[in-house]
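Computed from heavy atoms alone, side chains included, the values below leave out hydrogens, waters and symmetry copies. Since we're looking at a predicted model, the values are computed, not measured. Note that the numbering runs from 1 along the sequence shown for the chain.
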Amino acid sequence: MQEKRKSKRFVLEAMIAMERVDGTKNRLVPINVIDVSGTGIGFSCMEILEMNSVYKLQLKIWTGDVVDALVNIVRFDNSSDDKYVYGANFIGMPENDTSKFNIHELFDAANN
């Protein structure tokens, strides 16, 4: 996928489940996190998800903290035979959790 994020991506290995919030298909969807940034998340899963749908997720980050967020599915890639790859923007995340990503980005830039 072409880079479109405003924030630097970080690799974060995690398997989590997210849940659609509009009530139409209110079930847990297991996903594999590919990378994450202060503005969004890249992930893969075995299911086809609807574009512009909103899900809630709990993401355990590098500090051990759990970040609660709402994400909007904005990108889809089905070029892989066995999984679907998505990009989603964070649309509802507390400011103190957003700052954790910004601080991590600063430390990473200083170390590289």
Side-chain angles (χ1 to χ4, degrees):
M1 284 187 193
Q2 179 184 4
E3 179 61 58
K4 293 188 178 182
R5 285 206 201 144
K6 297 176 185 174
S7 300
K8 181 176 166 63
R9 294 174 189 240
F10 302 100
V11 175
L12 181 66
E13 293 182 23
M15 173 73 170
I16 60 175
M18 58 186 202
E19 183 178 11
R20 190 161 172 172
V21 297
D22 66 3
T24 60
K25 298 175 185 174
N26 200 10
R27 61 182 168 70
L28 293 177
V29 177
I31 66 170
N32 290 306
V33 176
I34 298 170
D35 57 30
V36 66
S37 72
T39 57
I41 185 170
F43 63 92
S44 65
C45 74
M46 303 301 287
E47 299 184 36
I48 295 178
L49 304 177
E50 209 175 305
M51 291 294 292
N52 298 310
S53 56
V54 177
Y55 287 81
K56 65 180 177 180
L57 60 84
Q58 292 184 320
L59 179 64
K60 187 172 184 177
I61 60 173
W62 52 91
T63 63
D65 296 333
V66 175
V67 173
D68 292 310
L70 294 177
V71 295
N72 180 36
I73 307 294
V74 294
R75 299 183 58 208
F76 171 70
D77 179 2
N78 65 344
S79 59
S80 176
D81 290 335
D82 60 342
K83 63 184 174 186
Y84 304 103
V85 178
Y86 295 91
N89 291 334
F90 291 123
I91 57 171
M93 183 187 307
E95 188 174 325
N96 62 335
D97 288 336
T98 302
S99 66
K100 292 174 187 174
F101 289 97
N102 296 335
I103 291 168
H104 185 71
E105 185 174 343
L106 290 172
F107 277 112
D108 188 61
N111 290 329
N112 291 328

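To the nearest 0.5 Å, the span separating CD1 on Ile31 from CD1 on Ile41 amounts to 5.0 Å. Distance check: Leu59 CG to Phe90 CZ gives 6.0 Å after rounding to the nearest 0.5 Å.
With a 4.5 Å cut-off on side-chain heavy atoms, Leu49 and Tyr84 do not count as touching. Residues Phe43 and Val29 fail the side-chain proximity criterion, which asks for heavy atoms closer than 4.5 Å. Within the 4.5 Å cutoff, side-chain heavy atoms of Pro30 are placed close to those of Glu47.
A side-chain contact (heavy atoms from CB on, under 4.5 Å) with Val85 is found for exactly one of Asn32, Asn78, Asp77, namely Asp77.
For Ile91, the side chain to side chain contact (heavy atoms under 4.5 Å, CB included) test picks out Val54, Leu70, Asn72, with sequence neighbours left out. Legend: residues meeting side-chain hydrogen bond (donor to acceptor under 3.5 Å, both in side chains) with Asp68, ordered by chain and number and at least two apart, are Gln58.
Contact record, Tyr86 with Ile48: OH-CA, 3.1 Å, taken as the closest heavy-atom pair. Counting all heavy atoms, side chain and backbone alike, Met51 lies closest to Arg75 at CE-N, 3.6 Å.
Under the 4.5 Å side-chain contact rule for hydrophobic residues, Phe76 and Val33 share a cluster.
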